[in-house]
Amino acid sequence: VLFLGLEDTEYRLSDRLKKLLDGMFGGQIPELAEYGDVDIETDWSLLSDHGLADLREAMDRAGYDLVIVDTFSRILGRGDQMDQQEMTRTMAALQRMAAEHQAAILLIDHHRKSARTSPDSDPIDDIYGSTAKAGVVDCALGLYRRHNEAEGLLKLSGRDFGDAKIPLTWDADSFTWQLRAGGAGDDGSEPGSE
């Protein structure tokens, strides 16, 4: 895994990983517990410069199965997220790279600000910038919650499966989102029944 944490410092990422491990092992972190086969970078070349070539070279060299980019806005650089043609070219290049390497590229992006708490929100429509960004993705996920509330709703929209809603609750002890008790959506339906 290659994780590009472009909005975080090394200290913040380290602190979050320690909290995750602490939550996983109940405070008794085994001596051999590591983060797994994960390379973490807090700085990367912009896609508008030579970041795309750097990413291809890293995938060729290390054989990553998963690349996580947090956030797309940070790695894009001078690109215009509102420009449909530019977003189609950029997203298509990333999609091609993922297919060629038989890997997944997970782009973390921001919602439009107005979409954060709307009950009618849609993970495709709510992607910040041009709708062309959503036209290339295989799956869009949107995590919706009101500010400072522990309950959230993960909405999924994918090419190979129907839309789904998964109710979640933030568990501060394990530092993770957990399936909300009962597992039913806010409308009473089971996840994936939409």
Could you go through the side chain to side chain contact (heavy atoms under 4.5 Å, CB included) check for D37 and V1 one step at a time? CA-CA 6 Å; D37 194 6; V1 174; over 6 Å; no

Determine, step by step, whether I108 and V69 satisfy the side chain to side chain contact (heavy atoms under 4.5 Å, CB included) criterion, reporting the C-alpha distance in whole Å, the side-chain angles of both residues, the deciding distance to 0.1 Å, and the verdict. CA-CA 6 Å; I108 298 172; V69 179; over 6 Å; no

F72 and M87: CA distance, side-chain angles, deciding distance, side chain to side chain contact (heavy atoms under 4.5 Å, CB included) verdict: CA-CA 11 Å; F72 180 71; M87 286 304 95; 4.0 Å; yes

L154 vs L141, test: side chain to side chain contact (heavy atoms under 4.5 Å, CB included). Steps then yes/no. CA-CA 7 Å; L154 181 64; L141 295 87; 4.1 Å; yes

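Counting only heavy atoms from C-beta outward, the side chains of L76 and L46 never approach each other to under 4.5 Å. Two residues are said to be in side-chain contact when any heavy atoms from C-beta on lie closer than 4.5 Å; L55 and V67 meet this criterion. Side-chain contact between L6 and D43 is absent, with no heavy-atom pair separated by less than 4.5 Å. The shortest distance between side-chain heavy atoms of Y64 and D39 falls below 4.5 Å. No side-chain heavy atom of R145 sits less than 4.5 Å from a side-chain heavy atom of L153. At least one side-chain heavy atom of L156 sits less than 4.5 Å from a side-chain heavy atom of I166. The closest side-chain heavy-atom distance from R159 to V137 is not below 4.5 Å. In this structure, W177 and L143 have side chains that are in contact, with non-hydrogen atoms separated by less than 4.5 Å.
The CH2 atom of W170 sits 12.5 Å away from atom CG of N148, with the distance rounded to the nearest 0.5 Å. One finds the NZ atom of K19 at 12.0 Å from the OG atom of S174 (value rounded to the nearest 0.5 Å). Note that the CZ atom of R56 and the CD atom of E100 stand 4.5 Å from one another [nearest 0.5 Å]. Rounded to the nearest 0.5 angstrom, F3 CZ and L13 CG are separated by 5.5 Å.
Taking both residues in full, the closest heavy atoms of T169 and R180 are given as OG1-CG, 3.4 Å, listed atom of the first, atom of the second, then distance. Contact detail for G77 and S48: the closest heavy-atom pair is CA-OG, 3.6 Å. When all heavy atoms of L179 and P167 are compared, the closest pair comes out as CD1-O, 3.5 Å. The minimum heavy-atom distance linking L52 with L47 is given by the pair N-CD2, 3.6 Å. When all heavy atoms of I75 and S45 are compared, the pair lying nearest together is CG1-O, 3.8 Å. The two residues D8 and R12 have their closest heavy-atom pair at OD1-NH1, 2.8 Å.
Side chains of D171 and T176: no donor on one and acceptor on the other come within 3.5 Å. If you check the side chains of S157 and D163, you find a donor sitting under 3.5 Å from an acceptor.
Applying the salt bridge (Lys or Arg N to Asp or Glu O under 4.0 Å) rule to pairs touching residues 58-78 yields D49-R78, E57-R61, sequence neighbours excluded.
By the neighbour-count criterion of 12 heavy atoms within 6.0 Å, atom CD of Q85 is sparsely surrounded, having that number or fewer from other residues, nucleotides or ligands. Taking a 6.0 Å sphere around CD of Q84, one finds it holds 12 or fewer heavy atoms contributed by other residues, nucleotides or ligands.
Contact check on E151 versus R146 returns no salt bridge, with no Lys/Arg side-chain nitrogen under 4.0 Å from an Asp/Glu carboxylate oxygen.
For E41, the side-chain contact (heavy atoms from CB on, under 4.5 Å) partners at least two apart in sequence or on another chain are L2, L4, W44. In this structure, E10 has no salt bridge (charged side-chain N to carboxylate O under 4.0 Å, His left out) partners at least two apart in sequence or on a different chain.
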